[in-house]
Amino acid sequence: MALRLYNSLTRAKDELKPSAPPKVSLYTCGPTVYNYQHVGNYRTYIFEDLLVRTLNLLGYKPNRVMNITDVGHLTSQGDEGEDKMEVGAAREGKSAWDIAKFYTEAFLTDCRSLGLLEADILCKATDHIAEQIALVQKLDAKGFVYKTADGLYFDTAKLPDYGKLMTKEHLEGLKSGARVEANEEKRHITDFALWKFSGAAKRQMEWDSPWGKGFPGWHIECSAMAMRFLGETLDIHCGGIDHVPVHHTNEIAQSEGATGKPFAKIWLHGEFLLMNNAKMAKSAGGFIKLADLGEKGFSPYDYKYLCYTAHYRKQLDFTWESLESAKTARRRLKESVAALAGEAPKPGCAEYSERFKAALADDLNAPAALAAVWDAMKSDLPGGSKKTFLEEVEAVLALGLFSADAEAAVPAEVVVLIAERSAAKAKKEFAQADRIRKQIEDMGWLVKDGKDGSKAVKK
Ligand code: AMP
Ligand code: ZN
């Protein structure tokens, strides 16, 4: 079955035609590791995981690269402001390197708890500075680079089709001056930094280069690492929708400027998770981490189910009510699995398997795929056939249907209260122990006393 994907470049659903089938080269922009990722970020990684698993379902052999941005991503979308890594380091009183290590681990832990497949190659920007410098040199030799007081810039006017990924709205925004630049030496508003000089600033992360000590611009890492690991033309490049007008537009400029070849055949973009009708973002309020869901008694898989209820190209508004509905729906599916425990898997579910596959092959239509799952559960298929189908579904949607959910993480405040209650009991202060138990219950947890001590379980 052919896979059709909405290509932001052609603005149409294109059939995937890999350069070397069944292999599919895939680059997915990864996290900037200066803080925890929020559940909005994970919406993008969940859609990319669905893409990888759909490729597997359709018989392809995806080779996925994901980068870890651990240098050069500045606090503005442009080239001004501070490096987010250095900001994180100052905030926490640690080194930028320690911050990167800590938040990379936190990211990978979250991905595991969401059941996301690891990328085949996970690469850090700081491990590939030499390739980034070499790419800037190549661009320089081709006349795309000019120097200002604070760094080297890409001259976007030199590339005739610069901005081809942008929509009409993006271009109109540019014309009306939505992007304000402080650097007066920049020749054009769309020009962007390839290499920035450390200058007088005290930086923890800096490298020698042919142009002086400094650090790479944010976009160059993705071009350099994508081409290093996957070649000059990728089959698919993915990321969140915010990357279209700047990051991905500039990745195209750098890569195509250097090679003269198309950088990626298909550009795939996931829409935003919203909160109160605004993009969920670290800078704005309402930043929800994956661990926050656990503290409220949700499994990461409940959140994943919620993501599947909307097409990846539609915005999704996060509410606790919708997460509760997703939890209930997922629990019903788990109950179906449990009810089929005694059944031996049998064939006979082809009608539903085909519907499920066709839905995903049509631009990863997860809501339609879920509808096929529910119809199969409601049908009069024999139990064994339902079981076979659910196994197929689990391999693609990875909703934790066949395993017990991990117990919800107990919040630190509850852990402290449990210890205080045990101490009160040991001193035979039973009225105080009961008061603490009540307090814990009010926080949504029950106290279970056992021979190994007391523990909290979610109400
Ligand atoms: P960052 O760590 O900021 O570089 O972002 C990591 C990924 O999350 C990128 O692909 C972003 O486009 C994506 N992203 C950021 N905010 C959201 C959001 N609210 N909803 C969905 N994806 C997002
Ligand atoms: Zn990128």
Side-chain angles (χ1 to χ4, degrees), residues 1-5 15-16 18 21-24 26 43 45-64 111-120 236 268 299-312 326-405:
M1 197 180 287
L3 174 58
R4 293 171 70 237
L5 296 168
E15 189 180 323
L16 173 69
K23 288 193 211 147
V24 174
L26 172 64
R43 183 179 185 208
Y45 305 124
I46 288 169
F47 120 74
E48 292 167 352
D49 191 67
L50 183 64
L51 170 65
V52 171
R53 291 173 183 270
T54 298
L55 287 168
N56 286 328
L57 175 73
L58 297 176
Y60 291 108
K61 301 256 175 291
N63 184 22
R64 176 187 184 186
C111 288
R112 278 190 288 274
S113 68
L114 277 164
L116 304 181
L117 297 170
E118 263 185 41
D120 299 280
I236 309 176
L268 219 57
S299 155
Y301 290 111
D302 296 331
Y303 175 64
K304 199 183 210 181
Y305 189 101
L306 175 64
C307 290
Y308 291 151
T309 61
H311 190 269
Y312 78 90
K327 178 180 176 172
T328 305
R330 183 178 157 264
R331 196 188 61 227
R332 293 215 182 102
L333 273 186
K334 281 181 76 87
E335 284 164 2
S336 305
V337 169
L340 296 168
E343 300 277 350
K346 272 206 295 233
C349 58
E351 175 196 342
Y352 295 99
S353 302
E354 284 305 303
R355 243 184 83 188
F356 179 75
K357 210 174 176 179
L360 293 171
D362 179 17
D363 197 25
L364 307 178
N365 192 339
L370 277 181
V373 176
W374 285 110
D375 285 349
M377 290 306 106
K378 282 184 234 141
S379 75
D380 52 9
L381 274 186
S385 306
K386 284 186 183 171
K387 189 167 190 173
T388 301
F389 180 50
L390 283 171
E391 285 173 355
E392 289 171 9
V393 167
E394 178 62 14
V396 183
L397 301 185
L399 285 165
L401 299 180
F402 287 82
S403 48
D405 280 3

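Under the 4.0 Å criterion applied to side-chain N and carboxylate O atoms, Arg355 and Glu351 are not assigned as salt-bridge partners.
The distance from atom OH of Tyr303 to atom CZ of Arg43, rounded to the nearest 0.5 Å, is 7.0 Å. Of the inter-residue distances, the one linking Arg4 atom CZ with Asp362 atom CG reads 6.0 Å to the nearest 0.5 angstrom. The distance from atom CD1 of Ile236 to atom CG of Leu51, rounded to the nearest 0.5 Å, is 5.0 Å. To the nearest 0.5 angstrom, Glu391 atom CD is 11.0 Å from Leu401 atom CG. Going from atom CG of Leu390 over to atom CG of Leu397 covers 10.0 Å, rounded to the nearest 0.5 Å. Going from atom CG of Leu117 over to atom CD of Glu48 covers 12.0 Å, rounded to the nearest 0.5 Å.
Between Phe356 and Phe389, the two ring planes are perpendicular [angle over 60°; tilted spans 30° to 60°].
Under the 3.5 Å distance criterion, the side-chain polar atoms of Glu15 are left unmatched by any main-chain donor or acceptor of Leu3. Panel note: side chain Lys327, backbone Ser299; no donor-acceptor pair is recorded below 3.5 Å. The closest donor-acceptor contact from the side chain of Arg53 to the backbone of Ala398 lies at 3.5 Å or more, if one exists at all.
The two residues Asn56 and Pro62 make their nearest non-hydrogen contact at OD1-CD, 3.2 Å. Taking each heavy atom of Pro21 and Pro18 in turn, the nearest pair found is CD-O, 3.3 Å. Considering every non-hydrogen atom in both Ala2 and Ala361, the closest pair reads O-CB, 3.5 Å. Here the closest heavy-atom approach between residue Tyr312 and residue Leu268 is recorded as OH-CD1, 3.5 Å. Smallest separation of non-hydrogen atoms from Arg330 and Leu399: NE-O, 2.8 Å. In this structure, Ser385 and Cys349 approach most closely via the heavy-atom pair O-CB, 3.6 Å.
Side-chain contact between Glu392 and Lys357 is absent, with no heavy-atom pair separated by less than 4.5 Å. In this structure, the side chains of Leu333 and Trp374 come closer than 4.5 Å at one or more pairs of heavy atoms. Using a 4.5 Å heavy-atom threshold, the side chains of Arg64 and Asp120 count as touching. With contacts defined as side-chain heavy-atom distances shorter than 4.5 Å, the pair Lys386/Ser379 qualifies. The side-chain heavy atoms of Leu114 and Asp49, taken from C-beta on, include no pair separated by under 4.5 Å. Contact check for Ile46 versus Tyr308: side-chain heavy atoms found under the 4.5 Å cut-off. Looking only at side-chain heavy atoms (C-beta outward), Pro347 and Thr388 stay at 4.5 Å or farther from each other. Leu16 places a side-chain heavy atom less than 4.5 Å from the side chain of Leu55.
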Show, in sequence, the C-alpha distance, side-chain angles and deciding distance for Thr54 and Tyr60, and conclude whether the side-chain contact (heavy atoms from CB on, under 4.5 Å) test is met.
CA-CA 9 Å; Thr54 298; Tyr60 291 108; over 6 Å; no
May I have the step-by-step check of side-chain contact (heavy atoms from CB on, under 4.5 Å) for Met1 and Glu354, ending in yes or no?
CA-CA 10 Å; Met1 197 180 287; Glu354 284 305 303; 3.5 Å; yes
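By the neighbour-count criterion of 12 heavy atoms within 6.0 Å, atom CD of Glu343 is densely surrounded, having more than that number from other residues, nucleotides or ligands. Shown here is Arg332, whose CZ atom has no more than 12 heavy atoms of other residues, nucleotides or ligands within 6.0 Å.
Exactly one residue among Lys378, Arg331, Met377, Lys387 makes a side chain to side chain contact (heavy atoms under 4.5 Å, CB included) with Ser336. That residue is Met377.
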